[in-house]
Protein chains: 2
Amino acid sequence: MVSRILNNDPRLRAREDTRDRVKAVASQLGYMPNHAARALRLSHAETVSLVVPDATNPIFSEMFRGVEDEADIAGLQVLLGQSLDLRPDSNLLRRLVDQGRVDGFVLQVSARQEVHEAEQAIADRVPVVLIHARGQRRGSVILDDEGAAQLATEHLLALGHTDIAMVSGPVPAQTASRREKGYARAMSEAHVRRRPTWTVKAGYSPEAGRQAARHLLSKPRRPTAMVVANINAALGVLKGARESKVSVPDELSVVAIHDTWLATTTFPELTTVRMPLYQMGREGVRQLIARLSGQRPEDVVITDPPPVLVERESTAEAPRRR
Amino acid sequence: MVSRILNNDPRLRAREDTRDRVKAVASQLGYMPNHAARALRLSHAETVSLVVPDATNPIFSEMFRGVEDEADIAGLQVLLGQSLDLRPDSNLLRRLVDQGRVDGFVLQVSARQEVHEAEQAIADRVPVVLIHARGQRRGSVILDDEGAAQLATEHLLALGHTDIAMVSGPVPAQTASRREKGYARAMSEAHVRRRPTWTVKAGYSPEAGRQAARHLLSKPRRPTAMVVANINAALGVLKGARESKVSVPDELSVVAIHDTWLATTTFPELTTVRMPLYQMGREGVRQLIARLSGQRPEDVVITDPPPVLVERESTAEAPRRR
DNA sequence: ATGAAAGCGCTAACAA
DNA sequence: TTGTTAGCGCTTTCAT
């Protein structure tokens, strides 16, 4: 009775003054429902888990906030897990489910395979919403990676560049192939020839970016611009360029996808494409909640707001042809 | 009975074969105790909360791992909170306590004041262990900041520098004053005169570091080396130096405290002092658990392992006197 | 329209 | 040494 009033049960018929009286007393007593008792009675944990490869990657910052905000609205707790910490043998995720500690997952798989196994193990027990990747027959939310890469490439094209390389992600990453597609699209729409050897599968780490840059800059014919699929890799590209004695942006323009605080710490500051990571986090939880109440999995693409170019110092007009 | 066997209650006398039988059946059934029921019965959440100013600061990475590892051993869940997200009016922390969702906090206060209020509100309801700062009459764990700064300074001294500046932290940060002390100690032990204007209170952000560097490098008499109290600020110092057309390490050596993956992404790579952040995280939880079982607050300094100098490319021998 | 009571899964106290 | 049971605080069904 009291419980239903406090939880604003719409199906309950109660006199207005009773409602008020109950609520008044409750707030006077500073009443707060005990979480464990609720969880036990309702047999759900009111907790969701966000699992990302590395929680301290600034790219996750915004997404994490989105997840937290949306969860907070629904009165859900969020447990942060790092998938890189998951040993193949440690079925941490499974244990969480078995103990009834979490109701579902928002999961970003890393390039490593192990997580997929963990995912398998939990997927038929509780709902899982995939982030940054489509799965088979489960919910997912991804960004407009293709549009972002296209935007980045068009920016370089507009500056007069035609010798544009792409430093892409690792092979298993779906984001990588979508971003490659956006790059390719922009190039062909501008009728600019694309050299196959100028698209290099690197990785999303500074070291991978550095090696890719050095590789591309060691060729007899150098690109004058690079679209880098990930800002952390771009940090490495900047470094590789410097080591190759190539000046950014005078001799080489660099645009990266994702905009974090690191973009303004470099010299020159990085031109980037900002992605709606916050919204992705919110949508992930929203969808998980929907699944929890019985709805079917959806695959959504966040298009609002769209990717936006943040012009800084690492891009400039194409150098004159020698 | 069964419960006590599974929880390995040492005070229980039971026949060996009964124990085995119970355990065998339990594992065969894949039995896992329900978390909510335990929490309700035991009236504690088996959850601790780690609150840091900004969870995506790489400096917290290791500490977070330490917290997770120690919590995992004790079967505790960890809830990550960001104190920067805490609006003064939002008593999120308080709500967590009122709902019985967390048993205690490992709390790193930011320079901002608000958190202290939040802290006040929760401190007499559940135990709080402070990180990076001493509090009055509550547990705390800090690092050997003085030793770290001294080590950094001695490294510069050993390279022949005498014109050494200190880019310190914001005034309210206890870490800042401890690090200043270490710098001062190294200087006076080496009988090197310390200019008061060369110790500048900046902040732990790249922008603060950049401004401090530009300020110091705009003086008629420039330092040839800087001890930077925080690696993120050091990112800005590197940038400020470049903007001031001062070459690192040829004209200016830079050492920073804390060693994160960012240290190798810069050009030149940063020489740093690595701090035992992982151990600090573990100790924080260990102490919180002790408090939960009734022990009194302690103030501990992590000295094992000690701070260690990681020499990279941003420090070099002092330039010859003009 | 409101009050009473059962029961979620566990642990600890008590009986046998 | 082992089995039985009350009760943690909540929600929800069933009486009133």
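We use all heavy atoms of the structure for the numbers below, so side chains are in, but hydrogens, waters and symmetry mates are not. Note that the structure is predicted; figures quoted are calculated from it, not measured. The sequence lines fix the lettering, A, B, ..., with proteins before strands; numbering per chain opens at 1.
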key: Which nucleotide in D/dC10, D/dT13, D/dG9 has an atom nearest any side-chain atom of A/R4   = D/dT13

message = Minimum heavy-atom separation for B/D103 and B/E46, please, with both atom names.
response = OD2-N, 2.7 Å

query = Under a 4.0 Å N-O cut-off, is there an ion pair linking B/R95 with A/D72?
reply =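 Salt bridge between B/R95 and A/D72, a charged N being under 4.0 Å from a carboxylate O: yes.
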
ask   = Given that A/N7 and B/S43 both sit by DNA chain D, which one's nearest nucleotide is further toward the 5' end?
value =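 The residue closer to the strand's 5' end, by nearest nucleotide, is B/S43.
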
ask   = Among C/dG9, D/dT11, C/dT11, which is the nearest nucleotide to the side chain of A/L40?
value = C/dG9

request  = Identify which nucleotide among C/dG9, D/dT2, D/dC10 has an atom closest to any side-chain atom of B/R15, counting heavy atoms from C-beta outward.
outcome  = D/dT2

query = Under 4.0 Å between a Lys/Arg side-chain N and an Asp/Glu carboxylate O for A/R125 and A/D98?
reply = yes

query = Counting side-chain heavy atoms from C-beta on, which of C/dA12, C/dC10, C/dG7 comes nearest to B/P33?
reply =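 Of the candidates, C/dC10 comes closest.
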
message = Any carboxylate oxygen within less than 4.0 angstrom of a Lys/Arg side-chain nitrogen, looking at A/E283 and A/R286?
response = yes

query = Within the structure, does a side-chain N or O atom of B/N34 lie under 4.0 Å from either OP1 or OP2 of C/dC8?
reply = no

task = With the side chain counted from C-beta on, respond yes when A/Q108 and A/M63 share a heavy-atom pair under 4.5 Å apart, and no when they do not.
result = yes

Euclidean distance, atom CD of residue A/Q99 to atom C1' of C/dC8 [Å, nearest integer] =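 The distance from CD of A/Q99 to C1' of C/dC8 comes to 17 Å, rounded to the nearest Å.
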
message = Expressed as a whole number of angstroms, how long is the span from A/E46:CD to D/dT11:P?
response = 9 Å

ask   = Nearest-Å distance, CD1 (A/I5) to P (D/dT11)?
value =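 Rounded to whole Å, this separation is 13 Å.
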
query = Could you state the NE2-P distance from A/H44 to D/dC10, rounded to the nearest angstrom?
reply = 14 Å

request  = Let me know the distance between CG of B/N8 and C1' of C/dT11, rounded to the nearest Å.
outcome  = 15 Å

request  = Report yes if a side-chain nitrogen or oxygen of A/R41 is closer than 4.0 Å to either non-bridging phosphate oxygen (OP1 or OP2) of D/dT12; otherwise report no.
outcome  = no

note = A/H35 NE2 to C/dC8 C1', in whole Å, measures 14 Å

Out of C/dG9, C/dT2, D/dT11, whichever nucleotide has its closest atom nearest the side chain of A/T18 = C/dT2

ask   = Starting at CZ of B/R19 and ending at P of D/dT1, how long is that distance when rounded to a whole Å?
value = 10 Å

note = Separation of D/dT2 atom C1' from B/D17 atom CG, nearest Å, is 12 Å

